[in-house]
Amino acid sequence: MPETKKILIIEDDPKSIKLQRDLLEAARYEVIVSNDAESGISIAKDEVPDLITMDYQLPGMNGEFAVMILRSDEKTKHIPVVFVTASSMREDKERFALLHVKIITKPVNTRTFVKELEEVLNGKREKD
Ligand code: MN
């Protein structure tokens with residue numbers, strides 16, 4: 001049996017959390033949730049999830065700063081991060097590309113969300 005993959009959702013909007021959780025659990029992923037960047041980073045270090053979905057606007061530290069912290073830690077730097085964000089302007093996209101972060105724009109497309117994350121998960125596996 002393939003091992004269950006673990007996804008960490010760092011998001012403060014309960015509706016977005018529920019939607020992502022429902023889609024991922026239906027696809028048999030293990031889901032962990034954090035409501036802010038600081039605790040999300042700490043959970044990422046403890047649990048080392050296979051992938052993190054990250055809201056950009058979070059209480060306290062924003063998602064971009066959180067990614068930089070994750071990338072600077074040996075335990076978490078290899079974990080792929082996908083931004084799930086309400087809006088992304090051209091300059092955001094350019095900065096996010098430098099962080100090697102994929103962007104999914106809200107509202108999340110329920111038919112393609114899991115598939116898009118799986119593309120990132122599979123890309124990671126090829127590089128290992
Ligand atoms: Mn938010």
Side-chain angles (χ1 to χ4, degrees):
M1 218 174 98
E3 125 191 52
T4 307
K5 297 221 179 271
K6 209 187 301 184
I7 313 274
L8 170 61
I9 299 169
I10 306 179
E11 167 67 89
D12 63 323
D13 172 20
K15 278 188 192 162
S16 175
I17 292 168
K18 183 179 183 335
L19 179 61
Q20 292 186 56
R21 183 198 280 282
D22 287 351
L23 291 168
L24 287 166
E25 287 182 349
R28 306 202 176 272
Y29 287 92
E30 181 186 340
V31 174
I32 321 167
V33 174
S34 171
N35 299 117
D36 65 79
E38 285 86 349
S39 66
I41 288 164
S42 145
I43 291 170
K45 285 180 191 171
D46 290 341
E47 299 277 339
V48 191
D50 295 285
L51 183 143
I52 299 171
T53 74
M54 176 98 73
D55 182 27
Y56 183 76
Q57 287 180 306
L58 290 161
M61 186 193 302
N62 73 27
E64 187 173 358
F65 198 75
V67 174
M68 290 191 235
I69 291 177
L70 291 167
R71 292 285 194 260
S72 69
D73 189 298
E74 282 300 320
K75 279 188 86 176
T76 56
K77 67 188 210 182
H78 68 283
I79 304 171
V81 177
V82 175
F83 272 143
V84 181
T85 175
S87 67
S88 65
M89 292 171 293
R90 194 198 151 102
E91 60 263 33
D92 293 332
K93 284 184 178 153
E94 285 165 3
R95 286 204 321 281
F96 297 167
L98 292 174
L99 292 170
H100 302 288
V101 172
K102 184 187 167 85
I103 305 164
I104 292 177
T105 307
K106 290 177 185 171
V108 164
N109 181 329
T110 56
R111 288 190 304 169
T112 58
F113 180 68
V114 171
K115 196 172 141 257
E116 287 183 83
L117 298 189
E118 282 172 350
E119 281 169 12
V120 176
L121 280 167
N122 293 336
K124 178 199 159 202
R125 211 177 296 138
E126 278 157 29
K127 268 186 255 151
D128 282 348

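First listed ligand is number 1; within each ligand, the first listed atom is number 1.
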Do the side chain of Arg71 and the main chain of Ile79 share a donor and acceptor less than 3.5 angstrom apart? yes
Main chain of Lys6, side chain of Asp50: is a donor-acceptor contact present, judged purely on distance under 3.5 Å? yes
Do Ser16 and Gln20 make a side-chain contact, defined as non-hydrogen atoms from C-beta onward lying under 4.5 Å apart? yes
Going by heavy atoms in the side chains, are Tyr29 and Leu121 under 4.5 Å from each other? yes
Neighbouring protein N, O or S atoms of the Mn ion (ligand 1), below 2.8 Å: 3
Check against salt bridge (Lys or Arg N to Asp or Glu O under 4.0 Å), Glu91 and Arg95: CA-CA 6 Å; Glu91 60 263 33; Arg95 286 204 321 281; over 6 Å; no
Over 60° means perpendicular and under 30° means parallel, so classify the ring planes of Phe83 and Tyr56, tilted if in between. perpendicular
